[in-house]
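Only a predicted model underlies this, so the values are computations on that prediction, with no experimental measurement involved.
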Amino acid sequence: MSKFLIVLGSLLAVAMVALVFPEGLGAVGLVAIVSALAVLAFRAYTDEKEFITNVFLFGLVLRLGFGIMVHIFELGSFFGNDAETYDRNGTVLLDYWLGMIPAADQTLIRATSIILPGWGMTYLTAAIYLVLGKSIFTAQSFCAVVGAATAPMSYFCAQKIFNNKRVSKMAAMMIAVFPSFIIWSSQLLKDGLIIFLLVTVVTMVLALQEKFNYVALILLILSLFGIVSLRFYIFYMVAIAVAGSFIIGVSGSTSTMARRAVVLILIGFGLTYLGVTRNATGDYERYASLERVQMSRLDLAQSAESGFGQDVDVSTTEGAISAIPLGLVYLMFAPFPWEMSNLRQTITLPEVLAWWAMIPLMLWGIWYSVKNRLRSAFPILFFSLMLTLAYSIFQGNVGTAYRQRTQIQVFLFIFIAVGWTLLMERREDKRLLRRQQQRNFEEKLLGI
C-alpha cells in the first residue's frame with residue numbers, strides 16, 4: 001500500500017471532518033468501513049494486491065476530493081440537480097419509517113412509487129440516512145466508494161477476458177482517473193452505481209462460465225436487481241447479454257452445458273423471487289414505446305441550449321433508425337470544441353480531446369477481441385453495442401449524452417487498454433528486432 005496515498009487519504013479525512021462538521025464524521029466512518037471491506041474482498045481474489053489496493057485508494061481520494069469541492073461550493077446544480085431529488089425523496093421515506101408521516105401522504109407515495117424509474121436511489125438514500133442521519137454529504141461519500149471500486153472490478157473483468165495484466169492494469173487506471181467517471185461517481189447520483197453494477201455483472205458471468213460459484217451467482221442476481229431499480233431499460237440489455245454469453249458458450253462437455261443451463265435457471269428464479277421480472281415488465285409496458293421515447297427525447301432536446309436534433313422524430317421505426325447516425329456522433333464525440341458555449345462544456349475540453357485520441361486504440365482493441373476473444377468478450381461487446389444504439393436514438397441533449405456515455409466507456413476503456421497493449425508489444429517487437437539486426441551486423445563485421 002502506497003504511503004503517499006495513506007497520508008493523502010488521512011489528510012482528506014481530516015478535511016472532510018473539518019469542512020463538513022458534524023456530517024463529515026459519519027461520512028468518514030462510512031467510507032472507512034465500506035472501503036476496508038472492499039479492499040479485503042478485492043485482495044482475496046488476486047495476486048496483484050498492491051496494485052489493486054493503490055488503484056482503489058487513488059480513485060477514492062480523487063472522488064472524495066471532488067465531492068468535498070462540490071459540497072462546499074454548492075456546485076450540485078452546476079453538474080446536475082438529481083442529487084437534490086434523491087436527497088428529498090430519501091428524507092421523505094425516512095420520515096415514514098420513523099413514523100413522522102402517514103402512509104397515505106402524497107409526497108411519500110410519489111417518492112417511493114416503484115413505477116418511477118430510479119426508485120432504488122430513494123431506498124438507498126433513506127437507508128444511509130437511517131443509520132447515519134440525514135446528510136447528502138454522507139450519501140455522496142458512499143457513492144464515491146462504489147465509484148472507486150469500479151476500477152479494481154474492471155481489472156478483474158479485463159483479466160478474465162484477456163488474461164493479460166498489462167491490459168487489466170491499464171483499464172483499471174484509466175477508469176480510476178478519467179474525469180467523467182470522477183464527476184458522476186463522487187456525487188449522490190445513480191450513474192456511478194450503475195457503472196459498478198454493470199462491471200460486476202459481466203465479471204460474475206465470466207466467473208460462472210469457468211465454474212459454478214454460489215458467491216458469484218448471488219452477486220450476479222443482486223447486481224441485476226440493483227440495475228433494474230436504478231435504470232430499468234439497461235436491465236433488458238444486460239439480461240440479453242448475460243443469456244447470450246451462456247448460449248454462445250454452449251460448446252464443450254455435457255457437464256459444462258448442464259452447468260450453464262442450471263445457472264440460467266437459478267438466475268431466473270432469483271430475479272423472479274426478488275420481483276425483478278414483474279417490475280421490469282411493468283416498466284417496459286409503461287415506458288418502452290417509441291412514442292414515449294420520442295416524448296422524452298424531445299424534452300431533452302428542448303430543455304437546454306445543448307439540445308440537438310429537435311426536428312428528429314423517433315416515434316416510428318423508420319424515424320428511430322434514421323436518428324441513429326446523428327445520435328451516435330453526439331453520443332460518442334460530444335461536446336464538440338466548436339460548439340462549446342458555456343463553462344460546463346468548456347471544462348470538458350481536455351477530456352474530450354483525450355477521448356478522441358483514444359478512439360483508434362479502441363477500434364484496434366475491438367477488432368482484436370472480435371477476431372481472437374469473441375466468446376469471452378461477447379457480454380461487453382453486445383451490451384456496449386445495444387446501449388450505444390439505444391442512447392443514439394434516445395439522446396437529444398449534449399450534457400446527458402456526455403454523462404451517460406460513461407456507462408459504455410467503462411467497457412470501451414478495456415478495449416482501449418487492449419489497443420494500447422498491442423501498440424506497446426509491436427514497438428517492443430520492433431525494438432528487439434533492431435537489436436537482433438544490429439547484433440547480427442556486428443558479428444558479421446567482426447567475422448564471428
Between Val410 and Phe196, does a side chain to side chain contact (heavy atoms under 4.5 Å, CB included) hold up when you go through it step by step?
CA-CA 9 Å; Val410 69; Phe196 173 78; over 6 Å; no
Roughly how far apart are Ile194 CD1 and Ser185 OG, rounded to 0.5 Å?
12.5 Å
Would you find more than 12 non-hydrogen atoms of other residues, nucleotides or ligands less than 6.0 Å from Phe156 atom CZ?
yes
Rounded to the nearest 0.5 Å, how far does CZ of Arg434 lie from CG of Asp429?
11.0 Å
Check: Asn89 and Thr125 side chains under 4.5 Å, non-hydrogen atoms:
no
Under the 3.5 angstrom rule, does the side chain of Ser168 hit a backbone N or O of Gln159 as a donor-acceptor pair?
yes
Using a 4.5 Å cut-off on heavy atoms from C-beta on, say whether the side chain of Lys165 contacts that of Asp47.
yes
Do you know which two heavy atoms are closest between Trp119 and Val228, and how far apart they sit?
NE1-O, 4.3 Å
Residue pair Ile324 / Ser392: nearest heavy atoms and the distance that separates them:
O-CB, 3.8 Å
Yes or no on ring-ring contact (aromatic ring centres under 6.0 Å, His included) for Phe225 and Phe235, after CA distance, side-chain angles and deciding distance?
CA-CA 8 Å; Phe225 174 75; Phe235 167 79; 9.8 Å; no
Donor-acceptor under 3.5 Å (Arg344 side chain, Phe78 main chain)
yes
Evaluate the side-chain proximity of Met121 to Thr85: yes if any heavy-atom separation is below 4.5 Å, no if none is.
no
What are the two closest heavy atoms between Ser376 and Leu206, and how far apart are they?
O-CD2, 3.4 Å
Between Ala126 and Gly90 the two heavy atoms that sit nearest each other are CB-O, 3.5 Å
Going from CD1 on Ile161 to CG on Leu374, what distance comes out if it is rounded to the nearest 0.5 angstrom?
11.5 Å
Relative to each other, are the rings of Phe382 and Phe378 parallel, tilted or perpendicular (30° and 60° limits)?
parallel
Between Phe181 and Arg63, does the side chain to side chain contact (heavy atoms under 4.5 Å, CB included) criterion hold? Intermediate values first, please.
CA-CA 9 Å; Phe181 286 95; Arg63 284 157 176 79; 3.7 Å; yes
To the nearest 0.5 Å, tell me how far Thr203 OG1 sits from Lys160 NZ.
8.0 Å
Option among Thr200, Asn213, Leu208 that satisfies the side chain to side chain contact (heavy atoms under 4.5 Å, CB included) test with Leu220:
Leu208
Could you point out which residue of Leu189, Leu188, Ile68, Ile128 forms a side chain to side chain contact (heavy atoms under 4.5 Å, CB included) with Gln140?
Leu188
Given the rule in the ring-ring contact (aromatic ring centres under 6.0 Å, His included) test, do Phe413 and Phe178 qualify, once you have shown the distances and angles that lead to the verdict?
CA-CA 10 Å; Phe413 272 127; Phe178 209 66; 4.8 Å; yes
Starting from the C-alpha separation in whole Å, work towards a yes-or-no answer on side chain to side chain contact (heavy atoms under 4.5 Å, CB included) for Trp420 and Trp364.
CA-CA 9 Å; Trp420 174 260; Trp364 192 4; over 6 Å; no
Give, for atom CZ of Phe56 and atom CD1 of Ile52, the distance between the pair rounded to the nearest 0.5 Å.
11.0 Å
Less than 4.0 angstrom from a charged side-chain N to a carboxylate O is my criterion; do Arg405 and Glu351 meet it?
no
Any donor-acceptor N/O pair, Ser186 side chain to Ile183 backbone, under 3.5 Å:
yes
Backbone N/O of Leu230 and side chain of Lys190: donor-acceptor pair under 3.5 Å:
yes
Side-chain H-bond candidate by donor/acceptor type, Tyr155 with Glu48, under 3.5 Å:
no
Check: Trp355 side chain, Met332 main-chain N or O, donor-acceptor pair, under 3.5 Å
yes
Do you know which two heavy atoms are closest between Pro335 and Val352, and how far apart they sit?
O-CG1, 3.6 Å
On the 0 to 90° scale, with breaks at 30° and 60°, tag the Phe212-Tyr214 ring pair as parallel, tilted or perpendicular.
perpendicular
Under 6.0 Å from the six-membered ring centre of Tyr368 and within 45° of its axis: does the NZ or CZ of Arg373 meet both?
no
Checking side chain to side chain contact (heavy atoms under 4.5 Å, CB included) for the pair Ile136/Tyr129: CA distance, chi angles, key distance, verdict?
CA-CA 9 Å; Ile136 192 172; Tyr129 288 0; 3.9 Å; yes
Considering all heavy atoms of both residues, which atom of Cys157 and which atom of Val202 are nearest to each other, and what is their separation?
SG-CG1, 3.6 Å
Return yes when atom CH2 of Trp356 has more than 12 non-hydrogen atoms of other residues, nucleotides or ligands closer than 6.0 Å, and no otherwise.
yes
Verify the neighbour count for atom CD of Glu74: are there more than 12 heavy atoms of other residues, nucleotides or ligands below 6.0 Å?
no
What is the distance from atom CZ of Arg231 to atom CD of Gln404, rounded to the nearest 0.5 Å?
4.5 Å
